[in-house]
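Here the structure is a predicted model, which is why all the values come from computation and not from measurement. Along the sequence shown, the residues carry numbers beginning at 1.
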Amino acid sequence: MRNPLDGERAPGRDLVEAGGLVAGSMSSAAAGLLFEPGKTAVRLDERLAGCLREAATAAADLPLSWERARAGAALAFTAELAVTRGHQGRTVRRDDFLRPGTGSRSPAERLVEAVVQAARTTTEDRRVRHLGYLVAEVAVSPDIDPALAVRALQLAESCSWRQLVFLAAVGRRDRVPLPMASLEDEPRAWTSWGAREDVFDLQRAGLLDPPPAVVRPGGAARPKLRPADLRLTRRGVLVHRLLALDFVREDDVTEAIAELDLPAD
């Protein structure tokens, strides 16, 4: 990789700036932070910045515009949240996460590669922000080992964007109460049916409690399930925390809840 300070344009910078299609003008700021750190007032841990530069360089030759944009945006979002966490006093971990082994890459490098790949292949651009956030969150969380970080990424990849929004909604229940109406009534509209299936699939995947009720022949009727009764499981908490789903925009949560088409309380 060219030295970002030697006067030549580093090959990965264009990739990060291409993330503007997904991340907006923040991508340009992140590119400057990564490739011209001496020219910005903001600082990012150099070990993490180097890891992100290497990933940008490796992906610099991606030929498809939207794949480039999503890859670049994921790296930009990682830098953004890492700076935010630093301002909050959560510094980048000092263990082996960012330290390469003998003849091998660091766990951070492998995780960034997996996240960039996930970002490239998604068709739901709003997911990219939170995929990038996963790297930043793991980078400041010494209690999260590399294998657990990969598990969280795999769980996140198994969820649609709307399902991630539902996890965000349940996770912020203390601030924004969820509807009390029952989910069990069969909706007429396909959109509402699909939204409720998303919730039930989160239960089946063990991301939301209570688990799906089992109806036994001749047994009691299945209890009514209301969004207000839902809780994140530990698996759900992992996804919510590492993807920083607290940052899901309020209008996205409002839209997802509306798509359940529940009667007014």
Spatial distance of atom [atom1] ([X]) from atom [atom2] ([Y]) [nearest 0.5 Å]:
| X | Y | atom1 | atom2 | result |
| --- | --- | --- | --- | --- |
| L167 | L243 | CG | CG | 9.5 Å |
| T233 | L208 | OG1 | CG | 7.0 Å |
| L155 | R235 | CG | CZ | 6.0 Å |
| R151 | L238 | CZ | CG | 8.5 Å |
| Q163 | R127 | CD | CZ | 9.0 Å |
| L44 | L52 | CG | CG | 6.5 Å |

Any donor-acceptor pair under 3.5 Å from [X] side chain to [Y] backbone:
| X | Y | result |
| --- | --- | --- |
| T57 | R53 | yes |
| R204 | P212 | no |
| E109 | C51 | no |
| R173 | L230 | yes |
| R226 | L178 | no |
| R120 | A59 | no |
| R68 | P63 | no |
| R196 | L183 | yes |
| R13 | E36 | no |

Query raised in the report: Do S141 and R241 get their side chains close enough for a donor-acceptor pair, meaning under 3.5 Å?
Result: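 Their side chains do contain a donor-acceptor pair, which is all the 3.5 Å distance test asks for.
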Requested in this report: Scan residues 160-172 for pairs that pass salt bridge (charged side-chain N to carboxylate O under 4.0 Å, His left out), counting only residues two or more places apart or in two chains.
Outcome: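 Non-adjacent pairs meeting salt bridge (charged side-chain N to carboxylate O under 4.0 Å, His left out): R162-D198, R162-E259, R172-E250.
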Could you report the tightest heavy-atom contact between [X] and [Y], atom names first, then the distance?
| X | Y | value |
| --- | --- | --- |
| S192 | D261 | OG-CB, 2.9 Å |
| L75 | A55 | CD2-CB, 4.0 Å |
| A56 | F35 | CB-CZ, 4.1 Å |
| F97 | P107 | O-CD, 3.3 Å |
| L202 | C159 | CD2-SG, 4.0 Å |
| V128 | A74 | CG1-N, 3.6 Å |

Report task. Output, in order, the C-alpha distance, side-chain angles, deciding distance and verdict of side-chain contact (heavy atoms from CB on, under 4.5 Å) for T121 and R70. Result -> CA-CA 8 Å; T121 57; R70 290 189 290 263; over 6 Å; no
Report task. Before accepting this row, confirm whether a basic side-chain N of the pair R105/E54 lies closer than 4.0 Å to the acidic partner's carboxylate O. Result ->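 No, this pair does not count.
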Query raised in the report: Does the distance from a Lys or Arg side-chain N to an Asp or Glu carboxylate O, for R249 and D251, drop under 4.0 Å?
Result: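 Not counted as a salt bridge, because no side-chain N and carboxylate O are separated by less than 4.0 Å.
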Can you find a pair of side-chain heavy atoms, one from [X] and one from [Y], that are under 4.5 Å apart?
| X | Y | value |
| --- | --- | --- |
| P227 | L262 | yes |
| L164 | V248 | no |
| T91 | D45 | no |
| P210 | Q203 | yes |
| P146 | L111 | no |

Qualifying ring-ring contact (aromatic ring centres under 6.0 Å, His included) pairs, either residue in [range], two or more places apart:
| range | result |
| --- | --- |
| residues 145-174 | H130-W161 |
| residues 36-59 | none |
| residues 43-69 | none |

Query raised in the report: Would one find more than 12 heavy atoms of other residues, nucleotides or ligands at under 6.0 Å from atom CG of D61?
Result: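 Atom CG in D61 is not crowded, with 12 or fewer foreign heavy atoms closer than 6.0 Å.
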Out of curiosity, does [Y] fall in the hydrophobic cluster containing [X] (side-chain heavy atoms, cut-off under 4.5 Å, transitive links)?
| X | Y | value |
| --- | --- | --- |
| F247 | I257 | no |
| V22 | L33 | no |
| V165 | F77 | no |
| V112 | V150 | no |
| V42 | L34 | yes |

Report task. Return each pair, listed once, that meets side chain to side chain donor-acceptor pair (under 3.5 Å) where at least one residue sits in residues 77-86; pairs must be two or more places apart or across chains. Result ->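 Applying side chain to side chain donor-acceptor pair (under 3.5 Å) to every pair that reaches into residues 77-86, excluding sequence neighbours, yields E80-Y133, R85-Q88, R85-E137.
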Report task. Take R47 and R94 through the test side-chain contact (heavy atoms from CB on, under 4.5 Å) and record every step on the way to the result. Result -> CA-CA 10 Å; R47 295 167 301 144; R94 308 299 300 183; 3.0 Å; yes
**Report entry** E255: partners by salt bridge (Lys or Arg N to Asp or Glu O under 4.0 Å), with sequence neighbours left out
**Finding:**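 Residues passing salt bridge (Lys or Arg N to Asp or Glu O under 4.0 Å) with E255: none at all.
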Requested in this report: Test L242 against every option in L153, L134, V237 by the side chain to side chain contact (heavy atoms under 4.5 Å, CB included) rule and name the one that passes.
Outcome: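 Looking at L153, L134, V237, the match for L242 under the side chain to side chain contact (heavy atoms under 4.5 Å, CB included) is L134.
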